[in-house]
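What follows is a short report on a single structure.
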Amino acid sequence: ARLSEMPTKAELDARLSEMPTKAELDARLSEMPTKAELDARLSEMPTKAELDARLSEMPTKAELDARLSDVPTNKVLENSLRNLENSLLEELDIVQEKANNHFEKLERRMDSLELTVNMIKVEYSSINLLVRKYTELDARVTGLEQKIS
């Protein structure tokens with residue numbers, strides 16, 4: 001290696017300062033499990049015979065394939081979902097049509113009520129006009145009666 005490519009003393013000192021101290025390494029080592037703890041963990045693990053017994057209880061590839069053949073395919077599921085969606089949309093259309101018919105009926109009734117209210121207003125105005133004319137006529141008749149007598 002070339003001398004220019006070698007790290008400087010400052011770079012080496014920086015690298016050395018980043019390295020853990022003996023106390024830090026000792027602390028890490030004290031946290032590691034002992035041989036007895038590792039042996040205890042190993043004794044808790046299943047043996048090859050136990051694993052073989054578990055594996056023999058598991059279904060074979062042929063058994064899994066047979067089970068999967070009973071599961072509906074994506075195409076069947078898509079068709080079922082499409083049919084369900086269409087049924088829901090048809091039901092929604094029926095409900096919307098009923099609601100529209102109901103609102104149209106309510107609108108016709110409101111138009112009829114509005115017409116009735118307008119007729120009542122006209123009749124009320126006519127009655128007021130007739131009462132005023134009657135009162136004026138009564139006053140004129142009373143005035144004429146007094147002049148005659």
Original post:
Just how far is it from atom CG of L25 to atom CE of M19, taken to the nearest 0.5 Å?
Top reply: 8.0 Å
Original post:
Out of curiosity, N86 CG to N79 CG, how far, rounded to the nearest 0.5 Å?
Top reply: 10.5 Å
Subject >> Interatomic distance, S30 atom OG to R28 atom CZ [nearest 0.5 angstrom] >> reply: 11.0 Å
Original post:
Within a strict 4.5 Å, meaning less than it, do heavy atoms of the T21 and E24 side chains meet?
Top reply: yes
Less than 3.5 Å apart, which donor and acceptor atoms pair up between the side chains of residues 92-115 and the rest of the protein, not counting sequence neighbours?
residue: N100; atom: ND2; partner: Q96; partner atom: O; Å: 3.4
residue: N101; atom: ND2; partner: E97; partner atom: O; Å: 3.4

Original post:
Roughly how far, to the nearest 0.5 Å, is the CZ atom of R140 from the CD atom of E145?
Top reply: 13.0 Å
Original post:
Distance from E57 atom CD to L55 atom CG, nearest 0.5 Å?
Top reply: 9.5 Å
Original post:
Quick one: which of D138, L137, V131 gives a side chain to side chain contact (heavy atoms under 4.5 Å, CB included) with T135?
Top reply: V131
Subject >> Nearest heavy atoms of A66 and S69, plus distance in Å >> reply: O-OG, 2.5 Å
Original post:
Between atom CG of N83 and atom CG of L88, what is the distance when rounded to the nearest 0.5 Å?
Top reply: 11.0 Å
